[in-house]
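The sequence lines fix the lettering, A, B, ..., with proteins before strands; numbering per chain opens at 1.
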Amino acid sequence: MNGILAHELSKAFRNRWLSVALAIGCILAIAAAAEAITTVDALYRPMSADGEHYGLDATMFLGLSTASSYGNWMAVNANVPLSSTVFFYLAPLLTAIPFSWSYQQERDSYLAHALLRRTRTQAYGAKAAASFLVGGTVVALPLVLNFIIISCFLPAYMPQYNECNYTGMFYDSYFSWFFYNAPLVFVALFTLLDFCLAGCWAVLCLAVSTLFRNNRVATLVVPYLGLLAWDYLVPTVVFANVQGFSTDLIHCMMATHFSDPPEPLAAAALLVALPAISFVLFLCERRRDVL
Amino acid sequence: MNVIARDITKTFKDATVLDHVTVQIPAGRVTGLWGINGSGKTMLMRIICGLVRPTSGEVLFDRKVLGRDLAHPLSTGALIEGPALLANRTGFDNLRLIGMINGTATDRDIRRAIAQVGLDPNERKKFKKYSLGMKQRLGIAAAVFEKPDLVILDEPTNALDTSGVEMVKRVVAAERERGAAVLMACHDKSVLDAVADHVYCMEAGRVVREEDPR
Amino acid sequence: MSKRAATRRAARRALLLDLRLGFSTSTRWYALTALFALCSIELAVAGSDFFGIERASLTWADHLALFVGGCEPYVFRQGLIFVPPAGWLLGLLLLAYMTLGYPYRDLMGFGQHALMRASRASWLLSKCAWIVLTVLAFWAIVVAAATVITVLDGAPFSLRLTQGAFATVTGLANVPPGGIGALPFFAGMLGMSVALCLAQMTLAFIVRPSVAFGCLAALLVVSAHTMHPALLGNYLMLARLGGAVPGGVSPLVGLGVAAVLALASVVGGLFFFRRTDLVAKELFA
């Protein structure tokens, strides 16, 4: 299994489309950092000019959380930079770009080299694993980059729970205990969560590609349209009366939310459902002839 | 390793592509498949490679049944319907990447195989820039570089000039000398007559005749 | 027959072939569009109850415009994230997808036969014509869906947009009692969607289809966030209509911008095609 996994990882990571996806993600992450920093500066500069201090020097309003690096990190988004919204809305496309098309491209030709040397389970499993790792990297790396840049400009004030209305992190938000008690651990945990969600999505796109013949645009775009359709129809039609159970992938990747924070079960459900659907699709593909 | 494709039948909806075909591929010998386009040669090769499941019949590798005792073919290198390699890698990189799967071929083996087919192992050009003949040569190198026990070559002389055809004959002879079982399909009977020990002539999915040209 | 006449005939036949091939591969997407349009308009109209608006008071134009209802521009508030309107985004990206794949696949595959028999310019213009017709067909389906729901609601067949429709998507609108004419908005919407699809096609040839689609998606998200005439998605949203919404965008300006964008896309595409080598690239999207 090691050999085939190394083979797939080499193709996945030594791949110019990974560079393209990462470049786009990193540009958006840098832009989000710049927006957040300038917003904090614009919000608090007048206060300083008036003699009002903020942060640890404040006499009246502390405002630690929304001026801190943790509150302004892309996933938390206290000052709501537009670039971070664009990043999360493009993330399902970006994760699929590097490697989710590889099965469809290789099915009629190159895949034979792997199938001559390994079982289908091993070959498909290795490809799915590589896709997972690459997809996760495309989201995780910009998040880490954003945090590093933000940390260079904004102080690491401990977030305060009494400012939760300003950060959008409530007691039932994902990992909120860590956000208010060990925020660096929160950053690590949430990055890991996003890595896993993005990776699972990339694997789903790879699995969905088995349904299309010679149409790589469909491989990338149709799952994305499906995701938007799920986001639009399911909360309105199916879960109209169930508050907070949003299985919308895009919003599960964000720490803060528009209305009710989602149930942790929602993200867990996605982490189970996406691989399960992918598994079923690959199981069907296993039986097909490679022509 | 001796390979037998026994009583293979393959049907797609209404079309019977292979009809009770039996082919033996002994070690240390070159077995040829000859037939016009659409006679079923490539489909038979795909079945032997495990890429396609036969409707009935079985493929045995040293008496082990593919699909039952074996999940994939044992020690097999193949060139089927043209070289299938990555466009943005060099020839050497392509073979090294394939070699990662088994981990048995060294860089030296790769270089030797590339040189054997008349290409430069140090070529920095990417595969997508190769001419058709160069691609075909590299595809042959990909089939033999790991020194497999079974070598399957489907129309290896496609897009090759006279020197290329001679190269194919040399490579096939070398593989036979090494003790590999070689299965080669070719529409050019003269090439098969020059290298094959035994030829199965196929027509409309059936073996209609067998010959021993050498 | 003269060479010129033969080339013109070949170009006409290539166009007819495009229409046949292009539409035959999209039938299920048109069916999906119809289903989505019915759901989307019905959900939007049903949502008007929440704002105390009677369904039967919404006109036919209201029903159609609610397909692209959209949302208010984002007003910054710490801790309140921006969520683009999912239905609006999905509808427009569905149209974008329907016009995305065929021209590029044709260039890499079957279309090379046409390129050997007619000029490159005629091939590209044929694709532009196909895109225009696809966009028209898309909106025709949406119109049909709006008509069905209007009939079922017993609503008036009027081309006036009423306060009720705006109230469903924004609290900012101020529409006179008689409503406002819908034709400029619909014309602007049609023109802008054609222009954006043409621009997507040109970008797909120059870069890659998935990158072009991603750019369009990003533009729509940013347009939903901020109301500004330079953000072209605003012309495709009822909640940003000038004359009803303060600071809204003018549909006539949108029509003008769309015309310029469409022309630039076609000219840019022609310029690109004249110079580029048409080799069989890897077919990666």
Return yes when atom CZ of B:Arg206 has more than 12 non-hydrogen atoms of other residues, nucleotides or ligands closer than 6.0 Å, and no otherwise. no
Under 4.5 Å from a heavy atom of chain B, the part of A:Ala114 involved: both
Given B:Glu81, B:Met43, B:Glu146, the one with more heavy-atom pairs under 4.5 angstrom with chain A than any other is B:Glu146
Would you indicate whether B:Asn37, at its atom CG, is surrounded by more than 12 heavy atoms from other residues, nucleotides or ligands within a distance under 6.0 Å? no
What part of B:Arg46 gets closer than 4.5 Å to chain A, counting heavy atoms only: side chain, backbone, both or neither? side chain
Taking C-beta and beyond as the side chain, do A:His113 and B:Leu97 meet within less than 4.5 Å on heavy atoms? no
To the closest 0.5 Å, what do you measure between OG (A:Ser109) and CD1 (B:Ile80)? 12.0 Å
So, taking the atom named CG in A:Asn15 and the one named CG in B:Asn88, what distance separates them when rounded to the nearest 0.5 Å? 8.5 Å
State, to 0.1 Å, how close B:Asn94 and A:Tyr110 come at their nearest heavy-atom pair, and which atoms those are. OD1-CE1, 4.3 Å
Measuring from A:His7:NE2 to B:Arg96:CZ, what's the distance to the nearest 0.5 Å? 14.0 Å
B:His72 and A:Leu116: side-chain contact (heavy atoms from CB on, under 4.5 Å), yes or no, with the steps? CA-CA 6 Å; B:His72 63 88; A:Leu116 277 175; over 6 Å; no
Within this structure, what is the CG-OG1 distance for the pair A:Leu115 and B:Thr76, rounded to the nearest 0.5 Å? 12.0 Å
Side chain to side chain, B:Ile98 and A:Arg117, heavy atoms closer than 4.5 Å: yes
Pairwise distance CG(A:Leu5) to CE(B:Met100) - rounded to 0.5 angstrom: 10.5 Å
Check this for me: B:Lys126, atom NZ, are more than 12 non-hydrogen atoms of other residues, nucleotides or ligands nearer than 6.0 Å? no
So do B:Leu86 and A:Lys11 actually touch side chain to side chain, heavy atoms under 4.5 Å? yes
Note, B:Arg89 side chain near A:Arg14 side chain (heavy atom, < 4.5 Å): yes
How about CZ on A:Phe212, more than 12 heavy atoms from neighbouring residues, nucleotides or ligands closer than 6.0 Å, or not? yes
When only pairs under 4.5 Å are counted, which of B:Ala143, B:Gly50, B:Pro73 shares the most heavy-atom pairs with chain A? B:Pro73
CZ (A:Arg288) with more than 12 external heavy atoms under 6.0 Å: yes
